[in-house]
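The chain is numbered in sequence order, starting from 1.
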Amino acid sequence: MTASDAPLSGQFSSAIADAREADRICDRLKAVQEELSGVIFGQDAVIRQTLTTVLSGGHALLVGPPGLGKTLLVSTLGTVLGLDARRVQFTPDLMPSDITGGEILDEDAAGRRSFRFVRGPVFCQLLMADEINRASPRTQSALLQAMQEHHVTVAGVEHALPRPFHVLATQNPFEQEGTYPLPEAQLDRFMLQIPLDFPEESAERQMLLATTGVSTSTASPVMDAATLIEAQALVRRMPVGEKIVDAILALVRSARPQHAPDNALKNAIAWGPGPRAAQTLMLATRARALLDGRLSPSLDDVVALAQPVLAHRMAVSFSARADGLRPEDIIARLVKRLG
């Protein structure tokens with residue numbers, strides 16, 4: 001072997017190691033999906049998108065009416081992935097310290113006083129922020145800062161959050177009285193916005209029979225935090241073809257008014273997604289491919305994830321809203337242009 005052959009040999013060995021690790025992780029992920037589907041009925045697409053978010057190392061916003069299993073999904077996901085899961089019910093009187101924690105004054109036996117930091121519920125690995133839009137903007141920003149920076153600062157001292165750390169926030173799309181909608185800049189912190197709809201009749205029947213008897217279905221642990229971190233690292237090492245990179249760039253850029261492919265779409269788009277949308281789509285397509293047991297993403301992955309990645313990162317103009325046009329409609333038109 002010559003010196004020039006050594007880098008190629010190293011790359012080949014690394015690719016083989018990644019393929020073996022992918023096979024092992026794919027088996028675990030298949031078991032994770034089976035465990036979740038055995039408890040959460042009729043929400044297979046939601047389960048896949050939630051797992052895609054977690055594998056990508058990000059946070060998700062679950063949007064749907066009450067009673068569709070959002071709380072059950074988060075608690076079950078924590079069990080199956082072996083994560084420390086907690087839930088916070090957001091209300092208008094919730095304070096930032098109720099989430100991040102705060103300092104209390106302690107006194108020891110000798111009478112000496114000192115401040116001690118008491119950790120809030122954000123110090124977990126999987127946090128459900130239930131009805132996040134019911135809290136004040138100040139409290140919302142405290143959580144969103146922790147999501148972005150993975151630490152909280154109290155009294156000038158930084159406190160690191162556990163790894164991994166994921167937030168699954170929920171919103172009710174119908175009841176808006178007494179709520180504080182998240183600003184666009186804060187919505188951008190969520191990798192995916194995942195819509196929940198009512199299940200089909202067969203799934204609802206299955207749910208009815210499974211949850212009203214003497215015993216209910218429970219899930220078993222399949223992974224742990226260390227394995228999840230390994231899977232997240234593998235997602236970032238997965239190769240992406242130039243065709244997929246070009247498709248991601250073309251889709252995200254065409255969703256901005258200055259780069260819209262025609263005048264009709266240019267006038268319909270008020271503002272479009274930023275570079276974080278392309279980064280999210282790149283990671284999410286890799287994670288979706290891994291969930292399917294594939295080692296690189298395809299154009300189908302880009303198409304499937306366009307809506308949950310872009311819908312909350314763009315807005316339609318006033319005239320387009322008057323015509324009943326939604327961001328989802330514009331994204332659907334842009335996706336068709338990918339071919």
Side-chain angles (χ1 to χ4, degrees), residues 11-12 14-34 36-37 44-61 77 81 164 166 188 190-195 223 227-256 259 272-314 328 330-339:
Q11 293 175 7
F12 185 68
S14 177
I16 293 177
D18 284 349
R20 290 174 177 170
E21 184 179 3
D23 287 339
R24 176 178 61 86
I25 290 176
C26 285
D27 291 339
R28 294 284 189 93
L29 292 175
K30 183 179 179 181
V32 166
Q33 293 181 77
E34 290 175 353
L36 291 171
S37 298
D44 291 341
V46 174
I47 290 173
R48 283 178 56 81
Q49 291 180 13
T50 304
L51 287 175
T52 297
T53 303
V54 173
L55 281 175
S56 302
H59 316 283
L61 181 63
L77 188 66
L81 295 181
H166 302 282
D188 194 35
F190 291 98
M191 290 192 72
L192 271 66
Q193 178 174 290
I194 304 174
M223 294 177 65
T227 306
L228 177 58
I229 291 174
E230 291 175 5
Q232 292 171 345
L234 177 62
V235 165
R236 288 183 171 268
R237 295 197 304 270
M238 291 172 62
V240 181
E242 287 295 326
K243 181 180 178 181
I244 305 305
V245 175
D246 292 342
I248 290 173
L249 281 173
L251 178 61
V252 173
R253 290 178 65 84
S254 65
R256 301 168 187 163
H259 300 127
R276 187 181 282 116
Q279 296 169 336
T280 294
L281 198 50
M282 177 77 86
L283 286 172
T285 53
R286 290 169 169 168
R288 188 176 188 273
L290 189 63
L291 280 175
D292 288 342
R294 293 178 280 115
L295 295 181
S296 64
S298 68
L299 192 59
D300 291 338
D301 297 314
V302 178
V303 171
L305 290 166
Q307 294 281 358
V309 169
L310 299 178
H312 61 297
R313 290 185 164 97
M314 57 187 301
E328 291 81 359
I330 295 177
I331 295 169
R333 295 183 189 179
L334 296 175
V335 165
K336 288 182 179 179
R337 293 176 174 267
L338 293 179

Handout entry: salt_bridge(R333, E328) N-O dist < 4.0 Å
Key = no
Restricting to salt bridge (charged side-chain N to carboxylate O under 4.0 Å, His left out), what partner residues turn up for [X], sequence neighbours left out?
X    : value
R253 : none
D300 : none
R28  : none
R288 : D301

Handout entry: With sequence neighbours excluded, residues passing side chain to side chain donor-acceptor pair (under 3.5 Å) with Q279
Key =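 Checked Q279 against side chain to side chain donor-acceptor pair (under 3.5 Å); zero matches.
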Fill in the blank from the handout: Checking T50, L81, L77 against L36 for side chain to side chain contact (heavy atoms under 4.5 Å, CB included), the one that qualifies is L77
Practice task
Starting at CD1 of I331, measure out to CZ of R313 and round the result to the nearest 0.5 Å.
Solution key: 10.5 Å
Problem - Spacing of OG belonging to S56 relative to CG belonging to L51, to within rounding of 0.5 Å - result: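 One finds 10.5 Å between OG of S56 and CG of L51.
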Check whether any side-chain heavy atom of [X] lies under 4.5 Å from a side-chain heavy atom of [Y], and answer yes or no.
X    : Y    : value
L305 : T280 : no
P273 : M314 : yes
R48  : D292 : yes
T53  : I194 : yes

Exercise for the section: Taking atom CZ of R276 as the centre, report whether more than 12 heavy atoms of other residues, nucleotides or ligands fall under 6.0 Å from it. Expected result: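 Enclosed.
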Pairs of donor and acceptor atoms involving the side chains of residues 238-247, under 3.5 Å and at least two apart or interchain, shall be tabulated with distances.
none

